[in-house]
Amino acid sequence: MRYHRIPDETVRRLPIYLRGLLFSSEQGQQNISSRNLADFVGVNSWQIRKDFSYFGDFGTRGVGYNVEKLAKEIKKILKLDIVQKVALVGVGNLGSALLAYPGFVIYGFDITVAFDINPKKVGRKIKNVAIEDVSNLRTLKKRKIKLAIMAVPREAAQDTAGALVKAGVKGILNFSPCYIIVPKKVKVITIDIAMDLARLPYYMPAS
Ligand code: ATP
């Protein structure tokens, strides 16, 4: 099936739906209505129907969506239908925690290699992933790794991103608290946990 260009906002929600569908499938559910999926993932049912309309109509009136078929379709759109190898750069406290995090597996991500600049860390293994010297980043192209997670300090982030782009990486999940400039063909998503926390007090009732 050919897909129309899917808006970024919809792409942002697709993993949310996928996670809900995978959990429903684990619970043995074969079909799910858009209303039940909406309650489960916390998105309006009209929004779900609109999002799904970009890639065809999967629902059957009165029955809902076939959980497995829809999960498969979303995986295909997100290119998660194959195992995606991922590199990690920066194995400090955050990087080590990311290496140990089991949640990447359900989407088919496999962190196969890690890099660090600190010679004391190079050669060690965390969760069976060997830490290599950062000069080896250039081998990523040969290893066909196009995704990377960056957990380096802010001062090192731009140069590291540059080295990753040079090594053929096309997608970077950046945990450094800064804006990174990359060529247009490369996608960067920045996650700044502290910044998200910084929004919360605004919503707290005055005591
Ligand atoms: P630790 O104290 O264990 O080094 P940290 O999380 O407090 O960890 P940070 O200063 O945030 O340390 O650095 C995170 C990791 O990034 C460290 O392991 C550091 O050695 C590594 N690092 C720093 N600069 C680079 C770089 N240019 N390329 C790759 N790794 C780097």
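Atoms within a ligand are numbered from 1 in the order they appear, just like the ligands themselves. Computation of the quantities below employed the complete heavy-atom set of this structure, encompassing side-chain atoms and omitting hydrogens, waters and symmetry-equivalent molecules. Counting begins at 1 with the first residue of the sequence.
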Side-chain donor or acceptor of D116 paired with backbone N/O of V91 under 3.5 Å
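Looks like yes, one N/O pair under 3.5 Å.
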Please answer whether the main-chain N or O of W46 pairs with a side-chain N or O of N44 as donor and acceptor at a distance below 3.5 Å.
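Not a single qualifying donor-acceptor pair exists.
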For R13 and V43, which heavy atoms make the closest approach, and how far apart are they?
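The pair with the smallest heavy-atom distance is CD-CG1, 4.0 Å.
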State whether the number of non-hydrogen atoms from other residues, nucleotides or ligands found under 6.0 Å of R35 atom CZ is greater than 12.
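12 or below, so no.
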State whether the number of non-hydrogen atoms from other residues, nucleotides or ligands found under 6.0 Å of K75 atom NZ is greater than 12.
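No, not enclosed.
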Using the test salt bridge (charged side-chain N to carboxylate O under 4.0 Å, His left out), find all partners of R138 that sit at least two apart in sequence or belong to another chain.
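Residues passing salt bridge (charged side-chain N to carboxylate O under 4.0 Å, His left out) with R138: none at all.
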For ligand 1, the residues whose heavy atoms come within less than 4.0 Å (ordered by chain, then number)
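Ligand 1 is contacted, at a heavy-atom distance under 4.0 Å, by V89, G90, V91, G92, N93, D116, I117, N118, K121, V134, A151, V152, P153, A156.
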